[in-house]
Amino acid sequence: MPYDLTVNGQHHRVDADPSTPLLWVLRDHLGMTGTKYGCGIAQCGACTVHIDGTPARSCQVPLESAAGVNVTTIEGLSPDSSHPLQQLWVEMNVPQCGYCQSGMLMAAAALLSKIPNPTDQDIDSYVDNICRCGTYPRVRAAIHKAAAGSKA
Amino acid sequence: MGTMPNLSRRQFIVTAAAVGGGMALSVVPAEAAFLGTEPWAASDGLAGAEFSPWISITPDDVVTVRVATPEIGNGVMTQTPMTVAEELACDWSKIRAEFAPTSRDYRENGVYAPGNSPTGYFSGRSTSEDRMKLLLQVGASARERLKTAAAATWKVPVSEIGAKDSVLTHTPTGRTLRYGEVAAKAATIKLDVEPTPKPQSEWTLLGKATPTKLNNADIVNGSLIYGMDVRLPNMVYAALRQSPVHGGMLKSYDAEKVKSMPGVLAVVTVDPRETPGLAMKSGAPFGYGDTHARSAVAVIAEHYWQARKALDALPVEWDDGAGAQWKSTEQMVDAAIAALDKPSESIEKATGDARLIDSQDKIVEAVYVTPFSDQAPMEPLNSTALVTADRVDVWHPGQQSRQAFWVAADEAGMDPSKVFYHQTFIGGAFGRRIFGDDLRMAVAVAKKFPGRPVHTIWSREEQTRQGKYRPLVATKLRAGLDKTGMPAAFIAHQATKGHFPRLADTPYALGCIPNVRVDAQELPFHVITGAYRGPGYNSYAFMIETFIDECALAAGMDPLEYRLKLFAKWPDPGWTKVLKEVADKSGWGKTLPKGAGQGIAIANWGMNGKPQAGTTVGVVATVEVTKSGILKVHQIDAAFDCGRVVNHDAALNLVQGGLIFGLNMALNEEMNVKDGRMVEGNFDQYPILRTGDTPVVNVHFGGLSGHDRFAELGEPPAGPVGPAIGNAIFRATGKRIRSTPIRKHDLSWA
Ligand code: FES
Ligand code: FES
């Protein structure tokens, strides 16, 4: 049965099994591959999107409950990569392989919108995504720098 | 290793056709050097004036550099153009990078990687000597042709032409031409002698600039295309299940049960006995032996989740085979340790007379064990293949594209000239993606469903349980200490499956200890092993550096002083420099509260028996252990010597990442076996450190010796972290860590 979705402000109609995870709806039915599959069990955060502004692991959100909400993916974080975190991620060479970074950015962006000036502990609890390349020190530094920049 | 591609003049002569193509490429202006999200999509030939298979320049000045090195996150797509630009003297913002097609290399007889050098098409190592030389020459040769073309245009001597920022200037008159304006002419020029690249002392980019990585921009908006993101017209998805006991075979399955599920198109099998093979000599750098197909069943469906659900619902029975005899990890570890009592006659290293151990003042002896571990790259294994009657196309996040190219041909039974390999970006690899066994499985599935591209995805659980793991290793080390407390002789007995002869590749076995014997034996385990960041080294660094600490203790000496004394005889000053730097910066020897401690370790990856080679990394770990045994790693300090660095920030990033990888390896990682099957399937059972678990990591550059090499930085940091932590735990608690993962040890103390 078809479901109506709003992703990055755009309307989509998707006909798939109601239990299909939003992750695969985005990647496979809608062709938006920025949201990544890493574990499928809410462990890694590579699939993080925003649902009505709150971070969510899209591998755990079935299609039926993604209908009628506003989904934001990495492709919609900003229209032109101008989000301060995106700019700092480039400037500070945060990514290594980059595979986890869509999820990192979505988690970090959600953190900053909730807590504009996060402590290290805030970062630890909001951005607990897995990065096998070990970019954690740079992720932390970039979030702090973004927070400092928004204060200035 | 290390075959230098011969830059013959032939490679700089270009065809008119390639020149003509220049107009076709329309280029968006860019503020920085750039690459496409799918840099394999270009045809085999380069757009624009092709100076060599490596480089072309279009009329709008865009310089395309071909990179024969998969990008696994270490920055080769940026480093390679940087090296070319050093000599080309072009505007960095006009550089564009794309992958050099393996398929063209085959059809043009090794234009990118002549001979069968394993370094050709091997990920990483963009700053190895042969690659640096080649890329600098590519840039210099193109620049001289541009200058010659400008000189011919103005009818002036070449010596009067200067080249800078993609502009050619006639110095006496100040006239200028852009590179793009003379590129077509320049590409046809033959020089009598190729120019010699400038000396390092005149470099302006390498060692000076730290540009942001070219693919960052596409990573941060999600547009970079990894293997997992390949989308092709008409593409279908396959979910794969391989024999849960490695080496087992599919007994039966009931496709009828799932055939009517939504989207399901087919249920297909993979049988290792059905690999057709090629009638020709293999060009696979690592051969086919490590790439065998695994017995498997796959469901093909219109969408991935449909395939996955149907696979989960599919009744399957397996014939487990011989591997089922291994009931538990303990049984395997016991077998490995028992084997150490019957040392092998297979000698890896013998110097002097190791029997002298028994006549020394003191004997130190211990057994060390490291477990099977999975590389666990964040992007699960996947590949896409389109098999038709007359050609095979594959899209693959491969770490060694030439290897994978041949494996694909072998599995398809298709002449390599009809195999088209499209290199994608890679979401981490760490050795898991070297052999091309993943691509073989995808081709084996796709050939049962010809005519449509099949994108085969390993679930995280499938990838974790169907690994090519870091091998389980047990080693007994034994040393005799002389009257001064220094080791006069040592013996190492190793037992493992999938042995990497690396233990003796350390100064201890190469002169610092006069009498040495190292032997090794293979165990009859069924678990499939392979390369894991710093193969062999990642285990032996832990063992040896813990053992040296035990020797220092027996001698009653400080572990830092002990090592400095050992390396006094070693003709590579980098070791001492690294130790001193890391000890100094970490405050080695400072008084710490009870329950806290520091540990030190040092190791080198890549020396291959020689001083002043490879990269030496020294680590000091500062830890604290509560009385109840909870470990907190407060700080990791590291110094390293890879000779010199060409990009400070890229080096820092790699060392930081490598240390954190090594930390996780030591603290957390272990794959277990139960009734022949691999137990752990996902990150809930195979834990990976997160931001909040990561200690302060300080990387110090004062250990660099300045020796004339730019050795690699990806693998070396992973080795010494574990032993530094283990040695620190000993100092904090008195408990000696002789196996990993450390999280399994009871660290409580009174
Ligand atoms: S894929 Fe959703 S949390 Fe890992
Ligand atoms: S950058 Fe590779 S997994 Fe995070």
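This one's a predicted model, so the numbers in the text were calculated from it and none came from an experiment. Here is the naming used below: chain letters follow the sequence lines, and residue numbers restart at 1 for every chain. Below, all heavy atoms of this structure are taken into account, side chains as well, without hydrogens, waters or symmetry copies.
The number of heavy atoms from other shown groups lying within 6.0 Å of OH (A:Tyr3) is above 12.
With a 4.5 angstrom heavy-atom cutoff, A:Gln86 touches chain B via backbone and side-chain atoms both. The parts of A:Trp89 that come within reach of chain B are both its backbone and its side chain, each placing non-hydrogen atoms under 4.5 angstrom from that chain. Residue contact with chain B, scored on non-hydrogen atoms closer than 4.5 Å, is absent for A:Val25. Only the backbone of B:Gln375 comes within contact range of chain A, with at least one heavy atom under 4.5 Å from a heavy atom of that chain. Only the backbone of A:Asn129 comes within contact range of chain B, with at least one heavy atom under 4.5 Å from a heavy atom of that chain. Both the backbone and the side chain of A:Ile130 come within contact range of chain B, with heavy atoms under 4.5 Å apart.
Between the side chains of A:Asp17 and B:Gln306, not a single donor N or O lies within less than 3.5 Å of an accepting N or O. Counted by atom type alone, B:Asp649 and A:Asn93 present one or more donor-acceptor pairs between their side chains at under 3.5 Å.
At a heavy-atom cut-off of under 4.5 Å, chain B is reached by A:Tyr136, A:Pro137, A:Arg138, A:Arg140 from residues 135-142 of chain A, listed in order of number. For residues 49-62 of chain A, heavy-atom neighbours of chain B at less than 4.5 Å comprise no residues at all.
For the pair B:Arg231 and A:Asp28, the salt-bridge criterion is not met [side-chain N within less than 4.0 Å of a carboxylate O]. A salt bridge does not link A:Asp124 to B:Arg690: none of the charged side-chain nitrogens sits closer than 4.0 Å to a carboxylate oxygen.
Checking each of B:Thr212, B:Asn216, B:Asn215 against A:Pro95 for a side chain to side chain contact (heavy atoms under 4.5 Å, CB included) leaves exactly one that passes, namely B:Asn216.
Distance check, rounded to the nearest 0.5 Å: OG1 of B:Thr691 to CG of A:Asp128 gives 7.5 Å. Rounding to the nearest 0.5 angstrom, the gap separating the CD atom in B:Gln685 from the CD atom in A:Gln43 is 9.5 Å.
Heavy-atom pairs under 4.5 Å with chain B were tallied for A:Ser19, A:Ala42, A:Gly45; the largest tally goes to A:Ser19.
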